[in-house]
J.: 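Take a look at this one; I'll ask things after.
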Amino acid sequence: MEGSIPLTSLPGGLDLRATLESGQSYVWERADGAMYTGADDAWYHTVHDGEVIAVRQREDELVWQATTDADDRLHDRLRLDDDLPAIRATAPDDDVVDTAFDRYWGLRVVADPFFPTLISFICSTQMRVERIYQMQTALREAYGTPIEFRDRTHHAFPTPAALAAATEAELRDLGLGYRAPYVLETARQVDAGTVTRADIDGRPYETAREALTGYAGVGQKVADCVLLFSLSYLEAIPLDTWMQTLLADYYPECDRETYADTSRALRATLGGAYAGYVQTYLFHHLRTR
DNA sequence: TAGATACCTTATAG
DNA sequence: ACTATAAGGTATC
């Protein structure tokens, strides 16, 4: 099937490229492989619940081709119903925030599937964005179910059971390094139901963050990434090295002794309920300037 | 509880 | 060519 979604009526429109190449999502693959260097209207594809979805932005429409009707899925996954002007209105009106929003206006926080997001951010520690993509691609090709679509083989992200059946040596061979045992253990925890979505979803933000740290290789920062980019906790602000730089340069008064306290202070400064949205714009802006 | 350190691997700077 | 350093941190002591 194929179709298109008009973007003119969306509050704030869409910048698909900024959305998918800002280091928040590792489940979409750019078809031409030209991340950061190619054109703005590339095709991106993913496998979602066994269905292949390909999307491309053409001026004021989002064009898609898929093995199923992808309209609703794209609205959900790309948060097309978020009111960007309303979200921006909650952010501080200062130079760095204004510049970030102006530069990538139309960037939307994604709502990626849980397990791939969990694994990709366990892999993200001490790693550059470009290499995180490589690791996820390697995992998909090694353990994911292949699906043919339009003369191309796509790979679903591995199921928890499939990853749990891997060996640490295999994962190290894919370049995961010290993350290999974390990925393996977390896959086993998910597969066995040791920590479940019920322990996380719907809980208050900081409770959910604490629950996520029950997975191997998941500390507070990675937990915040999963909450923000998969579980729609839009107030979550992953405090990484870029946010530490931001803190020092622009909001030194928010610096505290612990992660939790700094998080609360910066969250308040960035506007509260949508602080994670603001963080995503800031992260992409800081990392690409 | 706070602080220090090891950890895989790769790319980049010097 | 080589070495040091850093990359969206976490676990452990």
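Because the structure is predicted, anything quoted here is derived from the model rather than measured. Proteins get letters first, then strands, A, B, ... in listed order; numbering begins at 1 in each.
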J.: Just jot down the side-chain contact (heavy atoms from CB on, under 4.5 Å) partners of A/Leu246, sequence neighbours excluded, or say none.
T.: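 With neighbours one apart ignored, the set is A/Val96, A/Met243, A/Tyr250, A/Tyr251, A/Leu282, A/Leu286.
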J.: A/Thr186 side chain to A/Ala216 main-chain N or O, any donor-acceptor pair under 3.5 Å?
T.: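 Yes; judged by distance alone, with no hydrogens or angles, the pair exists.
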J.: Using side-chain contact (heavy atoms from CB on, under 4.5 Å) as the criterion, list what pairs up with A/Glu170, not counting sequence neighbours.
T.: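 Result, side-chain contact (heavy atoms from CB on, under 4.5 Å) vs A/Glu170: A/Tyr143, A/Ala166, A/Thr167.
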J.: Report yes or no: is there a donor-acceptor pair, N or O only, under 3.5 Å between the side chain of A/Arg172 and the base of B/dT9?
T.: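 Not at all, since no donor on one side and acceptor on the other fall under 3.5 Å apart.
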J.: If the condition is side-chain contact (heavy atoms from CB on, under 4.5 Å), which residues does A/Glu2 pass it with, not counting sequence neighbours?
T.: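 In terms of side-chain contact (heavy atoms from CB on, under 4.5 Å), with neighbours along the sequence ignored, A/Glu2 is linked to A/Gln65, A/Arg150.
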J.: In residues 271-289 of chain A, which ones come under 4.0 Å of DNA chain C, going by heavy atoms?
T.: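 Contacts with DNA chain C under 4.0 Å: A/Gln279, A/Phe283.
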J.: Mind jotting down which residue pairs meet the ring pair (Phe, Tyr, Trp, His ring centres under 6.0 Å) criterion with at least one end in residues 180-218 of chain A? Sequence neighbours excluded, please.
T.: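 Listed by first then second residue: nothing to list.
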J.: At under 4.0 Å between heavy atoms, what does A/Gln24 touch on the DNA or RNA strands: base, sugar-phosphate, or nothing?
T.: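 It contacts base atoms.
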J.: Could you list the residues that satisfy side-chain hydrogen bond (donor to acceptor under 3.5 Å, both in side chains) with A/Asp173, not counting sequence neighbours?
T.: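 Testing A/Asp173 for side-chain hydrogen bond (donor to acceptor under 3.5 Å, both in side chains), a comparison that skips the adjacent residues, returns none.
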J.: How would you list all residue pairs meeting side-chain hydrogen bond (donor to acceptor under 3.5 Å, both in side chains) that involve residues 226-247 of chain A, not counting sequence neighbours?
T.: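 Applying side-chain hydrogen bond (donor to acceptor under 3.5 Å, both in side chains) to every pair that reaches into residues 226-247 of chain A, excluding sequence neighbours, yields A/Arg79-A/Ser232.
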J.: I'd like to check the side-chain hydrogen bond (donor to acceptor under 3.5 Å, both in side chains) partners of A/Ser9; sequence neighbours left out, ordered by chain and number.
T.: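 Listed in chain order: nothing, the list is empty.
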J.: CG of A/Asp261 versus P of B/dA2: gap in Å, rounded?
T.: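 Rounding to the nearest Å, CG of A/Asp261 and P of B/dA2 are 10 Å apart.
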J.: List in chain and number order the residues that pass side-chain hydrogen bond (donor to acceptor under 3.5 Å, both in side chains) with A/Asp98, two or more places apart in sequence or in another chain; answer none if no residue qualifies.
T.: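 side-chain hydrogen bond (donor to acceptor under 3.5 Å, both in side chains) list for A/Asp98, sorted by chain: empty.
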J.: Using the C1' atom in both, what is the distance from B/dA11 to C/dT10, to the nearest Å?
T.: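 It works out to 22 Å between them.
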J.: Taking for each residue the nucleotide of DNA chain B with the nearest heavy atom, is it A/Arg179 or A/Arg128 whose nucleotide lies nearer the 5' end?
T.: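 Per heavy-atom nearest nucleotide, the more 5' residue is A/Arg179.
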J.: Of all the base pairs, Watson-Crick or G-U under 3.5 Å, which form stems of three or more consecutive pairs involving DNA chain B?
T.: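 For DNA chain B the paired stretches long enough to count as stems (3 pairs minimum) are B:3-7 with C:9-13, B:9-14 with C:2-7.
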J.: Which atom pairs link the protein and nucleotides 9-13 of chain C when you take only N or O atoms and keep those under 3.5 Å?
T.:
unit_1, atom_1, unit_2, atom_2, d
C/dG9, OP2, A/Gln126, N, 3.4
C/dG9, OP2, A/Gln126, OE1, 3.4
C/dG9, N7, A/Gln126, OE1, 3.2
C/dG9, N2, A/Tyr178, OH, 3.3
C/dT10, OP1, A/Gly219, N, 2.9
C/dT10, OP1, A/Gly219, O, 3.4
C/dT10, OP1, A/Val222, N, 2.9
C/dA11, OP1, A/Gly217, N, 2.8
C/dA11, OP1, A/Val218, N, 3.4

J.: Show every ring pair (Phe, Tyr, Trp, His ring centres under 6.0 Å) that has at least one partner inside residues 27-72 of chain A, sequence neighbours left out.
T.: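 Non-adjacent pairs meeting ring pair (Phe, Tyr, Trp, His ring centres under 6.0 Å): A/His45-A/His154.
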J.: What nucleic acid atoms does A/Ser22 come within less than 4.0 Å of, heavy atoms only: base, sugar-phosphate, or nothing?
T.: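 Result for A/Ser22 = base.
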J.: Can A/Arg203 and A/Glu210 be counted as an ion pair, charged N to O under 4.0 angstrom?
T.: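 Between A/Glu210 and A/Arg203 there is no salt bridge, as every charged N stays at least 4.0 Å from the carboxylate O atoms.
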